[in-house]
Amino acid sequence: PGKAVVATGDVHFLDPHEEILRTILKHGIGWREAFEGPCYFRTTEEMLQEFRFLPPEVARQIVIENPNRIAERIEKVQPVPNKLFAPKLEGAEEQVREMTWRRAKEIYGDPLPELVQKRIEKELNAIIGNGYAVVYYISHLLVKKSHELGYLVGSRGSVGSSFVAWCMGITEVNALPPHYVCPDCHYVEWFADGSVGSGYDLPDKPCPRCGREQLMKEGQDIPFETFMGFKGDKVPDIDLNFSGEVQAKVQQYSIELLGGPSQVFKAGTVGTIAEKTAYGMVRTWAEETGRRLREAEVDRLARGLTGVKRTTGQHPGGMVVVPVGVEVEEVTPVQYPADDKESGWRTTHFDYHSFENALLKLDILGHDDPTMLRMLQDLTAEHPVPEHLRKGLRFLPDGRLDVTSIPMNDEKVLALFRPGEGARVLGLKEGQVEYDLGSIAIPEMGTGFVRRMLCETMPRTFSDLVRISGLSHGTDVWTNNAQELIRKGICTLQTVIPTRDDIMLRLMYWGIEPAMAFKIMESVRKGKGLTPEMEETMRAAGVPDWYIWSCKQIKYMFPKAHAAAYVLSALRIAWFKVYMPTLFYAAYFTVRAAGALDADLLVKGEAAVRAYMEQIKQKGKDASPKEKEALVEYEVVLEALLRGIRFLPVDLWRSDAVRYTIEGEKTLRCPFISLPGLGEAAARAIVQAREEAPFQSVEDLRNRARLNKTVMELLQAHGCLKGLPEGNQLSFAL
DNA sequence: CAGTTCAGCAAGCAGTC
DNA sequence: ATGACGACTGCTTGCTGAACTG
Ligand SMILES: Nc1nc2c(ncn2[C@H]2C[C@H](O)[C@@H](COP(=O)(O)OP(=O)(O)OP(=O)(O)O)O2)c(=O)[nH]1
Ligand SMILES: [Mg+2]
Ligand SMILES: [Zn+2]
């Protein structure tokens, strides 16, 4: 028998009145003249009407009967299964157990203190029982890989709540209660009564048992359940921060380790028309078709366009693992990002959150801190840490500072985050920098918002900074929430909700069932507020009104592990800002400020920089995003200048392609890339050509580095070509 | 030699942690 | 100055100048 004919409506929108949206869309992507019938979703009656030129029984057949026959033959399908496909790898469970117990005993002794023993047992049960052994083990290998490449890995995310993760080197955050521990004789001293917020805040002291000069201090006091819940009712990922210089390599390595390109994929993303594009499209359409629309009509049409799929892309770091023996298509189709076969990556067709309960993800993210710390560490080879600062620090065999030995309780470093003292620590006079604070250019601590918070809260310790880190991230965590509670005298910095763990723990303390406390924490941290049942439970338990209100305000909230990890990394960087400023600014301008600076302005010095900043400030909110970014970076430049740092112009013979290099005391040489318009490719080409042979002439430079007219003019204007003959004398000789 | 394609650069935007 | 979550990756677009093509 022949194939069934089925009538379809070529549906692109639901109702006829939405046709205008499709018209605007087609206009927006330049699909101007193509003819289309009105493609709304027709009712059965309308479909029959469309086919009235056929005999009625034929029309009924193709509109009603055939479609139903096909539909009946399709069994019930669930596109994405809701069971977890946990990855498998021979020996992974044993590796996790072995590495954890070995490392724990190495530090805490054998037999282990009961607290440690119990914690590991609980965690291993959950980790292995829920199928996480493989991703723990692989994460360990990824960290190892990065270390081999010479880059530290930044800790990130909720996995820092896992002490097993600490034992395996997946996180530097130690989730145990604050404690001293002697790695030599295994003396341990716990502070489990809440008297100390963080092990890093304990005063330094020698081992009372064996006399070791300095005890280890650890413990951020974090419950494991923030990571995995109580009954495996949460499928978390493992997050790691890698330097951008190795991120792609590590992602590739994860594919290799977990079964190859048939089992590991980058998570895909779906790019849609969002607000700005929608408004742009509506306005352009109105303009080009000579319509004048009321604002309300523009709003209405723009809202109608948002959410329409435009392209596909790559997740910033998520590598999704399909167990060997399972086909990825059981969970999601696979594709290329933006359908680009040359991309080098294959991505999941569905986005991560649509299958997060089915497949595990390793989030191999990029972060500037590891890049900064690598550069700073490297710079200590040529610019060694001065003698008077070396006490308590460790050094690598080649003499570079081991940045992981930087202390977390250095008074001067902590003073950066308090107004007045911050500026003094930097050697600045009162009023020279805003709020007399030292936190600009310290990651996540230097924005205007955080600086004002610092002024109000005056942190003294690592644990204060962890609270501030939590409070300064997420909408309505500080403003319209904790800040008000503190101002009204209802709370202090020590009693507001700083991180999501605090919610679960305090609700349990108030007598709420762990499972419910966990559910409330998850709901609140995702900005979903409280269901009536949750609120009811809280009131019944006697949770104060302000606490319930505070929970409802929160739109997003860090886990404590993440806050601790970020403060740890920030303080390492801050140590350089205090003690080795030239190195610090060299690394900062290289890594963080790359695109925003202009060597022409840098070399002109303070007055010119101030004038430029003033110019941008005048523009207020009319300043472009680029200018706003520049304002941020030039504030750091200004601080550097005030601390006596000088900038030397780009020099054809001395400049690096992309790095600010140190040329003598407090002096930075601008890199080629600091000339706007001269990009990374050109910068690297110049340096490569220079290394092959000295430039004979302007022409020689242009030919060998394959520079275009624009770049040559830039170099000329900046004075880089001074003293270089125009033509190539050798070529004249020929 | 005009027209087309391509690489490099920057900006705008979106998505995600 | 306001009020403010911060920081990251990647896709598209527009522009420029140079290389390629017929
Ligand atoms: N500032 C800021 N940081 C975020 C945001 N979303 C995520 N992060 C940071 C903090 C998170 O702990 C970290 C990892 O993100 P994840 O999506 O993996 O969440 P997290 O690990 O906290 O919980 P999980 O157990 O994986 O569900 O990235 C955000 O909206 N703002
Ligand atoms: Mg996570
Ligand atoms: Zn000891």
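Quantities reported herein were computed from a predicted structural model and do not represent experimental measurements. Residue numbers begin at 1 in each chain, while the letters A, B, ... track the order of the sequences.
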Comparing A/Ile442 and A/Glu713 on DNA chain C - which has the more 5′ nearest nucleotide: A/Ile442
Report the distance from atom [atom1] of [X] to atom [atom2] of [N], rounded to the nearest whole Å.
X: A/Lys617; N: C/dT2; atom1: NZ; atom2: P; answer: 12 Å
X: A/Glu614; N: C/dA1; atom1: CD; atom2: C1'; answer: 12 Å
X: A/Arg452; N: C/dA4; atom1: CZ; atom2: C1'; answer: 9 Å
X: A/Asn708; N: C/dG17; atom1: CG; atom2: P; answer: 8 Å
X: A/Asp476; N: C/dG6; atom1: CG; atom2: P; answer: 13 Å
X: A/Ile468; N: C/dC5; atom1: CD1; atom2: C1'; answer: 15 Å
X: A/Tyr566; N: C/dG6; atom1: OH; atom2: P; answer: 13 Å
X: A/Lys709; N: C/dA19; atom1: NZ; atom2: P; answer: 13 Å

A/Asp237/A/Lys361 ion pair, N-O < 4.0 Å: yes
How about [atom1] on [X], more than 12 heavy atoms from neighbouring residues, nucleotides or ligands closer than 6.0 Å, or not?
X: A/Lys526; atom1: NZ; value: yes
X: A/Glu692; atom1: CD; value: yes
X: A/Glu275; atom1: CD; value: no

Within the sub-3.5 Å range, which N or O atoms of nucleotides 8-13 of chain C have a protein N or O partner, and how far apart are they?
residue: C/dC8; atom: OP1; partner: A/Asp368; partner atom: N; Å: 3.1
residue: C/dC8; atom: OP1; partner: A/Asp368; partner atom: OD2; Å: 3.3
residue: C/dC8; atom: OP2; partner: A/Asp368; partner atom: OD2; Å: 3.2
residue: C/dG10; atom: OP1; partner: A/Lys266; partner atom: NZ; Å: 3.3
residue: C/dC11; atom: OP1; partner: A/Gln314; partner atom: NE2; Å: 2.9
residue: C/dC11; atom: O3'; partner: A/Thr311; partner atom: OG1; Å: 3.4
residue: C/dT12; atom: OP1; partner: A/Thr311; partner atom: OG1; Å: 3.2

Opening and closing nucleotides of DNA chain B in contact with chain A, under 4.0 Å to non-hydrogen atoms: B/dG8 to B/dC17
So [X], base contact, sugar-phosphate only, or nothing? Heavy-atom distance under 4.0 Å.
X: A/Lys361; value: sugar-phosphate
X: A/Gly620; value: base
X: A/Thr479; value: sugar-phosphate
X: A/Arg702; value: sugar-phosphate
X: A/Ala267; value: nothing
X: A/Val270; value: sugar-phosphate
X: A/Asp237; value: sugar-phosphate

Strand contacts (DNA chain C) in residues 346-354 of chain A, 4.0 angstrom heavy-atom criterion: none
Parallel, tilted or perpendicular: ring planes of A/Tyr588 versus A/Phe584, cut at 30 and 60 degrees: parallel
Mutual orientation of the aromatic rings belonging to A/Phe589 and A/Tyr660 [parallel < 30°, tilted 30-60°, perpendicular > 60°]: tilted
Close aromatic pair by centroid cut-off 6.0 Å: A/His140 and A/Tyr136: no
A/Val334 side chain near A/His349 side chain, heavy-atom distance below 4.5 Å: no
Qualifying residue for side-chain contact (heavy atoms from CB on, under 4.5 Å) with A/Leu471, from A/Val466, A/Asn481, A/Val477, A/Ile486: A/Val477
Intermediate values then yes/no, salt bridge (charged side-chain N to carboxylate O under 4.0 Å, His left out), A/Glu456 and A/Arg487: CA-CA 10 Å; A/Glu456 277 188 59; A/Arg487 281 185 181 165; 3.1 Å; yes
Exercise: identify the closest heavy-atom pair between A/Met453 and A/Ser472: SD-CB, 3.5 Å
Closest approach of A/Trp345 to A/Pro337 (non-hydrogen atoms, all atoms of both residues): O-CD, 3.3 Å
Euclidean distance for P, C/dC8 against C/dA4 (whole angstrom): 23 Å
A/Thr710 side chain near C/dT16 phosphate (N/O to OP1/OP2, under 4.0 Å): no
N or O in side chain of A/Thr447 less than 4.0 angstrom from C/dA4 OP1/OP2: no
A/Arg374 to A/Tyr151 six-membered ring, cation-pi geometry met (6.0 Å, 45°): yes
5′-ward residue of the pair A/Ala682/A/Thr277 relative to DNA chain B: A/Ala682
